[in-house]
Structures are given as structure tokens and as C-alpha cells.
Amino acid sequence: MALVSVVALLLLTIHYIENQLIYQQGQLEHKNEVLTINEQHYRSLFENNPDAVFTLDLQGNFIALNSSVLPLTGLTLDELLPLTLSDLLIEDEKQKWNEILQEVYKGSNANFRTIMSTKNEKSVKLKVTALPIKINEEITGAYFIAQDITEQVEMQEKIKFLAYHDELTGLLNRRGIYREVEKHSNSATLYATILIDIDMFKDINDHLGHIAGDIFLQQVAARLKNSMESKGLIARMGGDEFLICLTEIRNKLEVLDVIQNIQSEMKEPFKIQESLKNITLSIGVSYYPSDGEDINTLIKHADMAMYKAKKSGRNNYIQYSSEFEEEKLKQINMLDELKLAIEQKQFILYFQPKHSSIDYKIVGVETLIRWNHPIRGIISPGEFIPLAEETGLIIPLSDWIIEEACKIFSGWISQYHVDFHLSINISPIHFLDSNFIDYLLEQLKKYQLPSFMLDMEITESLAIDNTELTRRKINILKEKGFQVSMDDFGTGYTSLTYLSKFNLDRIKIDRSFINGLPNNKNNGAIVQSLISVAENLGIIVTAEGVEQKEQVLILNEWGCHEVQGFYFSKPLSAEDIIDYWLLNKSE
């Protein structure tokens, strides 16, 4: 019985031990399965991570790396494994890297940015996370995840740059130069503000296109920088306007030297799309603190001076004067009065005759406007026409001139049967207005005028600034039967070749060339050349500003067709011009 019990106990023990072995085997297999899954998860995370993942030993050598490391570095696996990460970093980053690595090997985590140089020497900016590798509580290396943030950083840097710089030229922008000047204002005893505007820039844009205009502005910016001699700051304020702040000067003579350097730099023609372009600059100057104690005031005053330089003929520089403020105030007051004058039609028309140089008969009359101011009396157009053109008031004013002139001329034709043409000066702004020709035709129809008896006088500068549009509009006017003249010819930059581009009836030689005739040989040579070219092109020539009989005789001898000036008559009222014509007709 005892033996049976012993055997039974032995069998139970063996069965228990077998069950325990089976259970432990199952647990071991489960743990191995979990370990395998975890290893696969780790490998998947390691291998398929879009960021560069790698491990280093305590000597900084690569132990393992994923597939993203190779394209990041530009190296093959064989090229990379003999290297340490320090070998890939730019020189300035190596010391920082070694310090961070030592901290990681001591058990710290690290997040930092660094710059790596690739095989083709391209700089790559990295955001790196570093973790120590611990085995049996002992650090055996480090685990790294590196993210390429080059584009992100470059975009941030570009946004930061463009906040204070001009994208086209790389110069400071308005905000940028304001910020920089403020840093100097507190410590400087003197600095100059120079505002620069490119004369005739619109001509380049219109003729060569905006891409060529951008290239040209980049070239101008480069030349301006060359002329600065590190004496201050330079910005592009917008369009073709540049601002220079000379913050490192001792006296005003240095400013004049810089301006002369700028003008000298601009004398060399600019090459743009196989074309050579010569330019000039209009420059205004103001000084801290005499002309203003803040940048806004200084720029405003430099702008006044620059505008003065433009009005005085361009290609010039002018320093600010307090008198400009008074002029500006007068201009503001005149603008208000001019608006009221247009509403109330406070204007009258005068007419100056044009005579044949052969028989002195009146061949035409030129329409001239006067402002009949209720307090100041008669104001000449030189005082208010420029203001009207700047402010856009020239459009309604010119509309009034056209309608009033057509109305008066219609009365002359019906009542006196005049046989001369009527010339009307057309402002460039009005001529380029999209409604100009339609309005002109409307008045022609309203007052039943024959178009061939109307002569539209345009300026030489209009032809230069807007060649193609001007040519098209001239052709339309000619198709409608109008005569077209180019006024003040020779005063601008037009070459004689421009005459062949436009379908003109006449050119009017500016009075500055007639002055001094017949004794001024230079003027005489110019006038004869203009008459000769015009004759070959079938264009009538009118001489303005004729004041002496000798001038009439020599102009007739040279082949000039028409003469106009005080020798014959000053501008006359509508009533007086008819009396003058009747008297001239009867002689």
C-alpha cells in the first residue's frame, strides 16, 4: 500500500513537472514572438523613417544607418562607414558637435541644429535629436534622428530678408532703411538724405518691356552701390526711386562728392537686351538736423528738392530750401482755386496767328488758354497747366478748351467764312487718355466742323515717352482728316529719325532756335537742317518766336513755310483776331 502511494506521488510529480516545462516553453515562445515583433517594429521605424536615422559608438563611428542617410549626405555606404559624423559637419560646427556628443554619452538627451556639408559641398541644415544607447545600464553609443530643414530655414531667412529688403535689387526697402537710419539718428550730428529718380524711365519700360526694366533697375542699383564708398545706406523706395542716406559724413562737401560719383557712374550707357540706353537722374538732397529731425520729414524735403530738379530740366541735383514749403503751400492753394475755376469756367481763349513766310497771309491761328482769376486777373498757362497735368485736372480743362475752341471756330466759319486752320495744343496726358479721340469727334460733330481745318499740336516729349501709342493715335487722327503738328521741336531728345516714324503735317521749331537769327550761326545751322529734313519728308515747317523782319526774310530764304511771333502779332482775343484777319485779308 505504501509502495502504491509512492508510485502515485511520483507519477503526479512527473506530470506536474511536464506541465510546468510545457508552460515555460510556451511562455518562452511567446516572449520570443513578442521580441521578434518588437524588433520588426524597431527595424521598420529605423529603415522606413523618412528622416536620417543612425547610431554611433562611443568613438563616433557609424554602427547602423537607414536608407535616408545616404541621399542626405550624397555618399555611398562604403564611403560613409569609414567616416565619423564630425567629418561631415562644416568646420564651424565641429566643436559644438563634440560638446553635445560628450553630454549624450554621459546620459543626456539633446535637441540641436547643425550644418552638414554633402559630397558635392552643398550645405544642408539639420535638426537633430540625440539619445544615449544603454545596454545593461551601460551607455554603449548614441541614437540619432536628423531632419533636413534646409528649405524651411531658407524660406524663413528669405521672409526675414524681404521684410527689410527689396526683392528685385537686394537693397534695403523703405522699412529697412527707416530702421537703419533710426539707429544713427540718436548719435549722428550730420547726415544727408538723397532721393533719386530716374529720368525717362517709362521710356525703357514702354519700349523694351517690364523685364528689361527690371534688369535695368538692377544695373542702376549696382552702380549706385559702387558710388557710395561705404558712407551710408541705400534703398529702393519703389518704382524707379532710390534713397541714399549718407550716415558716415563729416561735412556737406562729401555729399557733393558722392553725388558727382553717382552722376559719373551713370554716364556709361546701360546695355539692356542688346540695346544701349543713356540715362540721367533728378536728385533732391536734405540734411539732418537742419532740414528735419526725423526720416519722414527728411524724405519729404528731399522729395520737394528732387521735384524741383525735375521741373528745372532733369539731369540735376537740388538741395532743399525752406522756400520750397512756401511754394508747396501756394501750389496747394492754387489747386483748390483751379478746381473751382474749372467748375465755374473762369477761363478765356486767346489766339495767335501763323503767317505764310511768302505773302504773310494768315494760314492758321493757335489756341492759347488764359485763366481769368477773379482776384489776380489774367494768369498765364505756365503757372497752372503744369499743376493741372500733375493732378489730372488737365483732362476736364482740356475738354473745355476743345469744346470752346470748336464753338468759337464754328462761329467764325459760319459768320466770316475764315479759310485758315485752327491749332489746339493737346496735353500729353489728355492725348493718351482713352476718351480723347471720341470726345474730339463728338465736338466736331456738335459744331459741324470739317476735320481738315483742325490741327492737333502734340509735344515732342510725348513722341519719345510713348512712341507706339502716339504713332497709333496720330494715324487715327489722320484717318479722320485732322492735321497733326509736333510743337516745340528740337527742345527734347528726339532725333531727326523720329520724323519718319510719325505721320505729321508740320513741325514747329522752338523759339530757342529762332532767337539770335540771323547772326547766331549754330542756331542757323540747326534750323536749316530741320527745314531740309522736313522738306524731304513733305512736312510743313513753322518757326515760333519770330520777332524781327530779318528773321522772316532768312527763314523764307531757307524754305520755312510758316512764321509765328510778336513781329506779326501777340495773342489776341476771339474778337480781335477776326479784326486782325479781316485787315490782313484786305491788304
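One-based numbering along the sequence shown.
Contact annotation: the side chain of I63 never approaches that of I133 to less than 4.5 Å [non-hydrogen atoms, C-beta and beyond]. No side-chain heavy atom of Y317 sits less than 4.5 Å from a side-chain heavy atom of I196. Taking 4.5 Å as the limit, some side-chain heavy atom of D197 sits within range of a side-chain heavy atom of D240. When side chains are defined from C-beta on, N109 counts as touching P132, because their heavy atoms get closer than 4.5 Å. Looking at L171 and K225, their side chains come closer than 4.5 Å, going by heavy atoms from C-beta outward. Two residues are said to be in side-chain contact when any heavy atoms from C-beta on lie closer than 4.5 Å; P428 and E389 meet this criterion.
Distance OG1/T193 to CG/L246: 8.5 Å, rounded to 0.5 Å. If you take CE on M116 and CD on E93, they are separated by 12.0 Å, rounding to the nearest 0.5 Å.
Summarising the local packing, NZ of K478 is surrounded by more than 12 heavy atoms from other residues, nucleotides or ligands at distances under 6.0 Å. Remark: L77 CG is packed, more than 12 non-hydrogen atoms of other residues, nucleotides or ligands lying under 6.0 Å away. By the 6.0 Å contact criterion, CD on E79 is enclosed, its count of non-hydrogen atoms from other residues, nucleotides or ligands being greater than 12. Few gaps surround NZ on K473; more than 12 heavy atoms of other groups in view lie less than 6.0 Å from it.
Using a cutoff of 4.0 Å between basic side-chain nitrogens and carboxylate oxygens, E157 and K160 are not scored as salt-bridged. Using a 4.0 Å cut-off between a side-chain N of Lys or Arg and a carboxylate O of Asp or Glu, K94 and E91 qualify as a salt bridge. For R223 and E268, the salt-bridge test fails: no basic side-chain N is under 4.0 Å from an acidic carboxylate O.
T84 and D87 share a side-chain donor-acceptor pair at under 3.5 Å. In this model, no donor atom of one side chain and acceptor atom of the other lie less than 3.5 Å apart for D78 and T76.
F112 and W97 have tilted rings, their planes meeting at an angle from 30° to 60° on a 0 to 90° scale. Aromatic ring pairs are classed by plane angle as parallel below 30°, tilted from 30° to 60° and perpendicular above 60°; the pair F216 and F270 is perpendicular.
Contact between N98 and S86 at its shortest, heavy atoms only, is OD1-OG, 4.4 Å. The heavy-atom pair separating F54 from A146 by the smallest distance is CE2-CB, 4.3 Å.
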